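Here the structure comes first, spelled out in structure tokens, and everything after it is commentary.
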Amino acid sequence: MKTFNEKCYDLLMQIPKGKITTYKLIAEALNTKAYLAVGNAMKNNPYVLTVPCHRVVHSNGNVGGYVKGIEKKIEILKSEGIDISNNKIINLKKYLFRF
DNA sequence: CCCTTGACCAAAC
DNA sequence: GGTTTGGCCAAGG
């Protein structure tokens, strides 16, 4: 049995470039409501080079957080073709990735 | 083993 | 439509 974190990382790795997901969806994919735990796993993120944690945002479209700083995260997402305004994803639904 | 801490979420105000 | 409130689960001290 993998740890909760590893399962999160597995899912994140499946996200293609230009797509994003939410903490909620990850939790749902794991059959749990541990939204907070997912966030925790991200901040721990021991696989920062393997797991694209910058492609994960809040359900309401808010960008959330990032180890390198929220602004840096926005910069990365923008470079992948995602429109962001006032620290929030414009069309979250449009870029949302389904597992 | 108890308590605290989160990069959360949905509903209520 | 911004802000507060209560609930949610896993990991770490």
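Please read all numbers here as calculations on a predicted model, not as lab measurements. Just the heavy atoms: all of them, side chains too, but no hydrogens, waters or symmetry mates, feed the values below.
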Check: Would you find a donor on one side and an acceptor on the other, under 3.5 Å apart, between the side chain of A:Asn86 and the backbone of A:Lys88?
Finding: no
Notebook entry, point to check: Quick one: A:Met42 CE to C:dA10 C1', roughly how many Å, whole number?
Noted result: 12 Å
Note to self: Between B:dA7 and A:Tyr66, counting only base atoms on the nucleotide and side-chain atoms on the residue, is there a donor-acceptor pair under 3.5 Å?
What the structure shows: no
Item checked: Sugar-phosphate only, base, or nothing, as touched by A:Val38 at under 4.0 Å among non-hydrogen atoms -> nothing
Check: Start at the 5' end of DNA chain B and walk down; is the nucleotide closest to A:Ala37 or to A:Asn60 reached first?
Finding: A:Ala37
Notebook entry, point to check: For the side chain of A:Phe4, counting heavy atoms from C-beta on, which of B:dA10, C:dA11, C:dC9 is nearest?
Noted result: C:dA11
Notebook entry, point to check: Rounded to whole angstrom units, what separation is found between the CG atom of A:Leu30 and the P atom of B:dC9?
Noted result: 14 Å
Next item on the list: Could you identify which residues of residues 69-99 of chain A place a heavy atom less than 4.0 Å from some atom of DNA chain C, listed by residue number, or say none?
Entry: none
Notebook entry, point to check: How about A:Tyr35 and A:Tyr23: are their ring centres within less than 6.0 Å of each other?
Noted result: no
Checklist line | salt bridge (Lys or Arg N to Asp or Glu O under 4.0 Å), paired with A:Glu80, selected from A:Lys73, A:Lys17, A:Arg55 | finding: A:Arg55
Next item on the list: Name the closest nucleotide to the A:Asn40 side chain, picking from B:dG6, C:dC9, B:dA7.
Entry: B:dG6
Next item on the list: To the nearest Å, give me how far apart CG (A:Asn31) and C1' (C:dC9) are.
Entry: 14 Å
Next item on the list: Specify the separation, in whole Å, of atom OH of A:Tyr35 and atom P of B:dC9.
Entry: 8 Å
Item checked: Whole angstrom value for the distance that separates P of C:dG7 from NZ of A:Lys33 -> 16 Å
Checklist line | Donor-acceptor contact present, side-chain A:Asn60 to main-chain A:Asn62, <3.5 Å | finding: yes
Note to self: Quick check on C:dA11: is either OP1 or OP2 less than 4.0 Å from any side-chain nitrogen or oxygen of A:Asn5?
What the structure shows: yes
Next item on the list: Would you tell me if any nitrogen or oxygen in the side chain of A:Ser59 comes within less than 4.0 Å of OP1 or OP2 on B:dC9?
Entry: yes
Check: Where is the tightest heavy-atom contact between A:Thr21 and A:Phe97, given as atom of each residue plus distance?
Finding: OG1-O, 4.3 Å
Item checked: A:Leu36 CG - B:dC3 P separation (whole Å) -> 19 Å
Notebook entry, point to check: Checking all strands, does A:Lys24 fall into the base, sugar-phosphate, or nothing category for heavy-atom contacts under 4.0 angstrom?
Noted result: sugar-phosphate
Check: CZ of A:Arg55 versus C1' of B:dA7: gap in Å, rounded?
Finding: 17 Å
Check: Nearest heavy-atom pair of A:Leu11 and A:Ala29: which atoms, and what distance?
Finding: CD1-CB, 3.6 Å
Item checked: Any A:Lys43 side-chain N or O less than 4.0 Å from OP1/OP2 of B:dA7 -> yes
Next item on the list: Identify the two heavy atoms, one from A:Cys8 and one from A:Val38, that lie closest to each other, and give their separation to 0.1 Å.
Entry: SG-CG2, 4.3 Å
Next item on the list: Round to a whole Å and report the spacing from OH of A:Tyr23 to P of B:dC9.
Entry: 8 Å
